[in-house]
Amino acid sequence: MDVINSFMTWIFKNRMGQIENFKENPIQVQEAAFRELIEAGKRTEFGKKYQFDRLKSYSDFAEKVPVFDYESFKPFIEKTMQGSQNVIWNTEIEWFAKSSGTTGSRSKYIPVSEESLEECHYKGGKDMLSLYVSNYPDSKLFTGKSLTIGGTLEKNPLNPQGTAKAGDVSAVIMQNLPIWAQYARTPSLETALMGEWEAKIEKMARETMNENVTCIAGVPTWTIVLLRRILELKKAKNILEVWPNLEVFFHGAVAFGPYRSLFRELIPSEKMHYMETYNASEGFFGIQDQPDSDELLLLLDYGIFYEFIPMDEWGKENEQVISLKEVEIGKNYAMVISTNGGLWRYKIGDTVKFTSTIPYRFRISGRTKHFINAFGEEVIVENAEAAIQFAAEETHSTIANFTAAPVYFEGNGSKGAHEWIVEFRTPPADLDKFTLLLDEKLRQVNSDYDAKRYKDLALTLPVMHQAPEGLFESWLSKKGKLGGQHKVPRLSNSRELLEEILGMMK
């Protein structure tokens, strides 16, 4: 196994030259990606509609092609799902990644071409391993198996008799993995793609608990559920008693900060590594490339052309859209992408803040629809996660899930507030202290919130509810969105979601 490990490590390290190239020449690499995308799109229905053959520059593209959200781009996707080809991309599209975006909205189906699978999603997985073995040259990663928690597949809802299929992006990726990659992972593909999540977790636990697992890849929430079940079955105190060679958790989909202390309890080792990825249904966008940083490296040679909308422009009639070379450090931007999967000037709904432009590194700051701004406080997910992580660390508690929404003014003299529902794995000894610490941190990280909280001017102390264990999982199950890429919205600017979940606590 050591020979195989050395060989695989050497293979993945060879990619580092290409990664260095797009780090050192980001704008040139993006310009090349733009030209390739336009060339591929010229003969598509979309390309003809927007006269791609007449586009000579990025400014022409920005002038002639509108910016789309899912609803406005959906007619092109649905036509492709119904069996038409060459609508948005010049090669056949046989897969669609199902994404809810937010759990309150209907499902979205994102086209996945062969190019986006190979040159984006799979390249992202390879680069993740390349960066990892480069950062940790003594790794024994390839002496064991990777535990991957996938989603589920389903028939194409708009053409069930056709050959095209749909499913969570993780399931689409797993289904199409080469044989060598299937051999290196656990559990079996059949188990990994099961649709019924309670039975799936049980079967996964029993299949994987006797394997030599060296790494885990998945969403923190479902990984925790699986690890706890394995500990029960093995009657072990921590997961290293089950998998002594475990060395890394590749995680994504939700911020890791609120889960960090719980993972340290489950995997009590200073040698355990954690590496964040940003792999969405629409594409693989970022990887944590530095061992001691929470910044993500923007991946630029993946068949994706990036544009950005400053969030102070968001929602305006003629929103300003800028290219990568125009972004500024510290500003909040909504991402707009054109991809080798057939998306064109598409708003993915995520917001980012750049921390560096040499090379381009960033942090995910939230969602364009996930924020609280009922009183001009402009609290984004990044703020909420920093606050709840701080409160949890200070009170030695661990978080399973949370959501928050505004408490609106009611009548003369009333004050507003934020109302939180928090499900703990390990609850704080003093919930009031937890609330005070959360409020304190929010005031530190968001000056607008702090201004509204000054002497309880507009906002009073947050209202805090401790949820019973399993509440959020029950809510997801009730919505038919258990597992996969589905998650509870962290923040809502209306009370609809919060009231629904509060109703389940009565």
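From a predicted model like this one, the values you see are computed outputs, not experimental measurements.
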Can [X] and [Y] be counted as an ion pair, charged N to O under 4.0 angstrom?
X	Y	result
Arg363	Glu382	no
Asp289	Arg361	yes
Lys433	Glu394	no
Glu393	Lys441	no
Glu319	Lys316	no

Under the 3.5 angstrom rule, does the side chain of [X] hit a backbone N or O of [Y] as a donor-acceptor pair?
X	Y	value
Tyr122	Ile173	yes
Glu202	Ala199	no
Thr460	Asp456	no
Asp168	Ser170	no
Trp243	Thr208	yes
Glu211	Lys145	no
Ser474	Gly470	yes
Ser356	Pro359	yes
Lys200	Ala192	yes

Worksheet entry | Cationic tip of Arg443 above Tyr449 ring, under 6.0 Å, 45° of axis |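 Judged by the rule, Arg443 and Tyr449 form no cation-pi pair.
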
Worksheet item: Under 30°, 30 to 60°, or over 60°: which ring-plane class applies to Tyr132 and His273, parallel, tilted or perpendicular?
Response: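 Rings of Tyr132 and His273: perpendicular, as their planes differ by over 60°.
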
Discussion item. Which heavy atom of Tyr306 sits nearest to which heavy atom of Met335, and what is that distance?
Written reply: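 Closest approach of Tyr306 to Met335, heavy atoms only: CE2-CE, 3.5 Å.
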
Discussion item. Ignoring hydrogens, what is the shortest heavy-atom contact between Glu247 and Leu141? Give both atom names and the distance.
Written reply: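 In this case the closest contact between Glu247 and Leu141 is OE1-N, 3.3 Å.
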
Worksheet entry | Centroid separation Phe308 to Phe354 less than 6.0 Å |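 Between Phe308 and Phe354, the centre distance is under 6.0 Å.
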
Item to complete: Tell me whether the centres of the aromatic rings in Phe362 and Phe285 are closer together than 6.0 Å.
Response: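 For Phe362 and Phe285, the ring centres are not under 6.0 Å apart.
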
Worksheet item: What residue among Trp344, Phe68, Tyr109 forms ring pair (Phe, Tyr, Trp, His ring centres under 6.0 Å) with Phe73?
Response: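 Considering Trp344, Phe68, Tyr109, a ring pair (Phe, Tyr, Trp, His ring centres under 6.0 Å) with Phe73 is found only for Phe68.
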
Discussion item. Does Glu232 have more than 12 heavy atoms from other residues, nucleotides or ligands lying within 6.0 Å of its CD?
Written reply: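 Buried by this count: over 12 neighbours within 6.0 Å.
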
Item to complete: Dump the intermediate steps for side-chain hydrogen bond (donor to acceptor under 3.5 Å, both in side chains) on Glu385 and Gln389, then the final yes or no.
Response: CA-CA 6 Å; Glu385 287 172 339; Gln389 181 179 347; over 6 Å; no

